[in-house]
Amino acid sequence: MRYIGRRLLHGLLLLVGVSLLSFVFAELAPGDYFSELRTDPRVSAETVAALRAQSGLDRPLPVRYAAWVASVLRGDFGYSLAYNSPVGPLLWGRVRATLLLTGTATLLAWLIAVPLGIWNATARGTWGDSVSKVVLSFLLAIPDLLLAIVFLMLAVETGYFPAGGMVSSGPERVKDVAWHLVLPVAVLVLGMLPTLVRHVRASMAEAIDSPFALSARAQGIPRQRLLFRHLLPAAANPLISLFGFSLGTLLSASLLVEVVMGWPGLGPLFLEAIVARDFALVLAVVMLSASFLVVGNLLADILLYRMDPRIRMK
Amino acid sequence: MSRRTKIVAALVFLGILHGLAIFAGFLAPYPYAEQHREFPYAPPSSIHFSRLQFLVHGRLFGAREPGVIFLLGSDAYGRDLFSRLLYGGRVSLLTGLLAAFLSLGLGLALGTVAGFYGGWLDRLLMRSGELVMALPWLYLLLAVRAFLPLHITTVQAFFLIVVIIGGVGWVRPARLIRGVVLSARERGFVLAARGFGASDAYLIRRHILPLTLGVVLTQATVLIPQYILAEVALSFLGLGVGEPVPSWGNMLAEAQQYHALVAHGWMLAPGLAIIPVLLGYLLLADTLLESRNQ
């Protein structure tokens, strides 16, 4: 319990650090939401100054940070100047969409990667393993971006799948969303699969070659039971750490996929916020993506703690 | 294939690909911005040798006037996609190389300092590294980009991207290098040299840095393709190198438009061009990793 508490505290400190850094960085950077106005000859310098004062941009850094923290505690996450509303309500729908997409993709990718990696590890040296190795290497070399565009192209050409978006219309909402999920999830899974399978294969191969596996086999433990009851737990540690780590890659890939396929997640919102120089919104998305990673790593830590008595002893 | 042949093969392959981009000025039949408004979205032309001429206007080949040649078709403004692909490769590949150089340099400097001196400096560097790693990679890039001016010239944009990509990428190499330095610091010959009164600078230069070479090389082969993809992503999203200068990213952005998707499949060429580059680097990275593990 103390271990988990410590990890949690660490994660929180990390988030506070990220927010502080963002504020300092924004302070140092030139320009803000009203910079565009300044180039407009019809708008006087006083008007711009008044607008900035009204939205509180001219206050000193510590005051603004304190105001932001207060607003986070209220659940507002700052005030978006571009949308003219608190950021919080803008975010939740987007977060749900991104989590739906990445969550499904992660689950599916692991469900495919674990059996495939185990099979590869047991079939080392056979042609089946070589073929899967070549295919996966090739897959690794295809950028997610290209994959997303090609899938979109197929969707447009064949009409079997919706070309972007999350919902069309119709009474059966769940089915509709699931239908829209297929292509983006496929892109993400294909993008993640090569790395995951490689890691599963490597750590399973190590477990299979270990002396305890040999002795277990000598004692006549059936193959299936040996693989899944004895070897998989032994090989699980690096994979659990990989889970926390892979979340970061997944969110990055998902940003591109969301933009290409018009999925209404955090990615497109982030892009709009950047182009509009809407600092509050940029910061909120940054903090959210950081929290996803922190939570993912925390989950991995807790899992490790449950799985591995060596960590509990420390 | 022995490991050596694999490495040489990968290097030659990558050399050819980079050479194509470097000599774009000679190999491409048209300048990147030359428009042929009367041929928008022309499909890839078939080759008729009778209508080709070689070594004209300082270029390898071109079509006899008034004909045109689009080996990979043309875009909305009738610009030759093949030429733009080569010129775009210059931007994308060079970004990868320069950014990797920058982040490896930073990582080497910071990682060596952290590992060699330890103490509060080490803790400070590693903690700030954790801050950088707390963000998903692309979100981090975009966040940094978000605070910098949007409307800038192409050259400024290019260097800005190199600095952003290289500047946020130092953490992973720095950590790995720190690890190597930490163990190298306690090696017998380093302790002996220190005992003979060698200065820190001499120790680092003569004994520590050579030991990090393996990590630096493998990291380079991992980082360069990653950074090429980063440039492609940024330019694709409209935050990197902009028109009329081509980069594989901003060219792909055009391929994403609806009419390009339905009828102009050749617009995908820049995306496909990335694949052989990544394959080359992957082969190199795998082979280097294998030989380091043994």
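Order of the sequence lines sets the chain letters (A, B, ...), proteins ahead of strands, with each chain counted from 1.
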- Residue A/L271 versus chain B: region with a heavy atom under 4.5 Å: side chain
- Side chain, backbone, both or neither: which part of A/S137 has a heavy atom under 4.5 Å from chain B? backbone
- B/I275 CD1 to A/L139 CG distance, which is reported to the nearest 0.5 Å: 10.0 Å
- Looking only at heavy atoms, which two atoms of A/A290 and B/P136 are closest? And how far apart? N-CD, 4.3 Å
- Item | From CG (A/L251) to OH (B/Y139), nearest 0.5 Å | 6.0 Å
- Item | Stepwise side-chain contact (heavy atoms from CB on, under 4.5 Å) test for A/L256 and B/L237 | CA-CA 8 Å; A/L256 286 175; B/L237 297 174; 4.3 Å; yes
- Message: Just so I understand: if I count every heavy-atom pair under 4.5 Å between each of A/V18, A/V282, A/L255 and chain B, which residue has the most?
- Response: A/L255
- Message: Looking at B/D286 and A/R198, is any side-chain nitrogen of the basic one under 4.0 Å from a carboxylate oxygen of the acidic one?
- Response: yes
- Query: So with a 6.0 Å cut-off around CD of B/Q226, is the heavy-atom count from everything else above 12?
  - Reply: yes
- Item | Toward chain A, the part of B/L131 with a non-hydrogen atom under 4.5 Å | both
- Please examine the side chains of B/I274 and A/L146, heavy atoms only from C-beta on, and report whether any two atoms are closer than 4.5 Å. no
- Report, as yes or no, whether the 6.0 Å neighbourhood of atom CZ on B/R172 holds more than 12 heavy atoms from other residues, nucleotides or ligands. no
- For A/F279, is it the side chain, the backbone, both or neither that has a heavy atom under 4.5 Å from a heavy atom of chain B? side chain
- Message: I'd like to check B/M133 versus A/N297 (side-chain heavy atoms, cut-off strictly below 4.5 Å). Are they in contact?
- Response: no
- Interface moiety of B/L239 toward chain A, non-hydrogen atoms closer than 4.5 Å: side chain
- Is any side-chain heavy atom of A/L145 less than 4.5 Å from a side-chain heavy atom of B/W248? no
- Item | Among B/W137, B/Y281, B/F236, residue most engaged with chain A (heavy-atom pairs, under 4.5 Å) | B/F236
- Note on the structure: Nearest heavy-atom contact between A/L293 and B/A134 is CD1-O, 3.5 Å
- Message: On a heavy-atom basis, which atom in A/S252 and which in B/L138 lie closest, and how many Å separate them?
- Response: OG-N, 3.0 Å
- Item | A/L266 versus chain B, the contacting section by heavy-atom distance below 4.5 Å | both
- Message: With a 4.5 Å cut-off on side-chain heavy atoms, are A/V285 and B/L142 touching?
- Response: no
- Item | Interface moiety of B/L252 toward chain A, non-hydrogen atoms closer than 4.5 Å | both
- Item | Rounded distance [0.5 Å steps], CD1 in A/I274 versus CZ in B/R145 | 8.5 Å
- Query: Can you say whether A/L140 sits under 4.5 Å from chain B via the side chain, the backbone, both, or neither, judging by heavy atoms?
  - Reply: both
- Task: Could you look at B/V144 and say if it's the side chain, the backbone, both or neither that has a heavy atom under 4.5 Å from chain A?
- Result: both
